[in-house]
Amino acid sequence: MHDKDLTPQEFEQLANKFTKFIRKYFEELPEKPPLAQVEPGFVKKQIGEAFPEKGGNLNTVFDELEKIILPATTHWNHPRFMAYFNSTSTAPGILGEYLAAALNTNEMLWKTAPSSTELEETVLNWFRQMLGISDKFFPILYDTASVSSLHALAAAREFHFPGKVREEGIRALPPVAIYISEEAHSSIEKAVITLGLGLNSIRKIKTNENFSMKPDELHKAILQDEANGITPLAVVATVGTTSTTAIDPVRELAKIIEEKKIWLHVDAAYAGSAAVVPKVQAIITDAWETADSIVVNPHKWLFTPIDFSVLFVKHREILKSAFSIVPEYLKTNENNEVINYMDYGIQLGRRFRSLKFWLTLKYFGREGLAEVIRRHLRLAKKFELFIKNSDEFELLAPVNFSVVVFRAVLRSIEKSRLNEFNKQLLEEINRSGKIYLSHTVVKGKYALRLAISGVRTFEEDVEIAKNVIIKAYKQLQENKNLTK
Ligand SMILES: *Cc1c(COP(=O)(O)O)cnc(C)c1O
């Protein structure tokens, strides 16, 4: 039994063992399957239902980590994890997490965490400048893009109806509408559910052949709502959609609503990070200055351990008036000269999240981060070329960033069975244990998605991916011929 924490000296000894474990994990990572090859229940069964009554020596935990936890881990850090938007951590970020837990500050108020508050303010403003966003925007840190967008839409609601929902609740509002493209992320719908606005207030605007929102369709929808006495509350433009990385035309959308009082939120959770590359910045951030809020996730494509999402808000005071409540026991003398982050969101307690990003930026610098992203963009172009030049595969969406959306084609089977074939192909590929891809459906077509956004992903990994995909295709094709 232990009724005291480890001594600092014991801490160091144990920490060294964990460090060794992590070293081995990273050394062996490329040989492990990126997708966990276990059945549901694998971990629960082995860890057991009985809680530790007596406590004990943590030296025994390495065996369980090795035999139970690692095999049941889908390795997002793996060089050939190419599913979803691969997000990877690096040493500086890992060490930042370690420090944050050690210091264990609670950033409710400046006073309860001066270092955390001011470091957060500083590194987020560094990041703002790296992306080319002006100081009209106030950056704030949340855990995920889902939560950032929730806060943005809460601010939009406050912007239209100051104090209304705060005081009287959602029933005091007239009907409202929120416009997103049919390719927008589900987190916007979740935010609308949470804010009590109802999914019926969502307008899914049609997209063009490149999967980006059609401005004239948006215009029509807004006019129709206005004619029906419905208040257009917000437009959400996505820069880098989750399915195909499509880019909504922010400039044109902004033009449509420039004379109107409508909040413009830009969801650039994934693609926003690529704005650290000077040549790409203009494409990504075009007309962002017209937006009211923007979300970018460094935990997605800037090699910072999850979770780390930045919301840039042009109207800091509106966000504050949506959330701020200061009870007597949290009033402090400095309230007017400092940021008390508890005023800008749902959470009171906030952890020292900025440490990991600070160390990441100090180690890589903007230049280093940009170089990794340039490599990803190059590798994606190369894989795109492979798909374009092959008879067995076809491209299903433009390659705007580092994701290639494609599918297998097969002359010997009817078109209607291609979806089934591609589904099986994906399973075959992932069964290889060499790479991990995910899927999407574009205009009714089942598609494979190969995403290159991991910091450990290099040319040889994309070559391996190609070979695995070709091999799986051939195997499946042979099986099809046999069963005919
Ligand atoms: C991944 C993603 C999100 C959600 O991100 P979380 O941080 O997991 O909430 C939202 N929008 C877009 C465009 C995304 O790609």
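Both counts, for ligands and for their atoms, begin at 1 and track the order of listing.
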Closest protein heavy atom (residue, atom, distance) for [atom]:
atom	result
atom 2 (C) of ligand 1	K300 NZ, 2.2 Å
atom 6 (P) of ligand 1	A145 N, 3.5 Å
atom 9 (O) of ligand 1	S146 OG, 2.5 Å
atom 11 (N) of ligand 1	D267 OD2, 2.6 Å
atom 4 (C) of ligand 1	H185 CE1, 3.4 Å

query: So which bit of N297 gets within less than 4.0 Å of ligand 1, heavy atoms only: side chain, backbone, both or neither?
result: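 The answer is the side chain.
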
field: Min side-chain heavy-atom separation I193-L199 under 4.5 Å
entry: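 Yes; the side chains approach each other to less than 4.5 Å.
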
task: Test L197 against V176 for side-chain contact (heavy atoms from CB on, under 4.5 Å), laying out the working first.
output: CA-CA 7 Å; L197 301 173; V176 300; 4.0 Å; yes

- request: Give a yes or no on whether the ring-centroid distance for F383 and F386 is below 6.0 angstrom.
  value: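 Yes: the rings meet the under 6.0 Å criterion.
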
field: Within the 6.0 Å centroid threshold, strictly below: F323 and Y344
entry: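 No - the distance between ring centres of F323 and Y344 does not fall below the 6.0 Å cut-off.
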
message: Please confirm whether T241 approaches ligand 1 to less than 4.0 Å, judged on its heavy atoms.
response: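 For ligand 1, residue contact (heavy atoms, under 4.0 Å) with T241 is absent.
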
query: Can you find an N/O atom of S187 closer than 3.5 Å to an N/O atom of ligand 1?
result: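 No; the residue has no nitrogen or oxygen that sits under 3.5 Å from a nitrogen or oxygen of the ligand.
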
query: How about E39: does its CD atom have over 12 heavy atoms from other parts shown lying under 6.0 Å from it?
result: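 Counting other residues, nucleotides and ligands, CD of E39 stays at 12 neighbours or fewer.
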
- prompt: Does atom OH of Y84 have more than 12 heavy-atom neighbours from other groups under 6.0 Å away?
  reply: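 No, because the 6.0 Å sphere around OH of Y84 holds 12 heavy atoms or fewer from other groups.
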
Could you list the atoms of ligand 1 found under 4.0 angstrom from a heavy atom of [X]?
X	value
F85	15 (O)
G240	13 (C)
H299	7 (O)

field: Option among L348, L109, T117 that satisfies the side-chain contact (heavy atoms from CB on, under 4.5 Å) test with Y341
entry: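 It is T117, the one option of L348, L109, T117 that forms the side-chain contact (heavy atoms from CB on, under 4.5 Å) with Y341.
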
Any pair counted as side-chain hydrogen bond (donor to acceptor under 3.5 Å, both in side chains), so long as it reaches residues 129-142, sequence neighbours left out: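 Qualifying pairs: S134-E289.
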
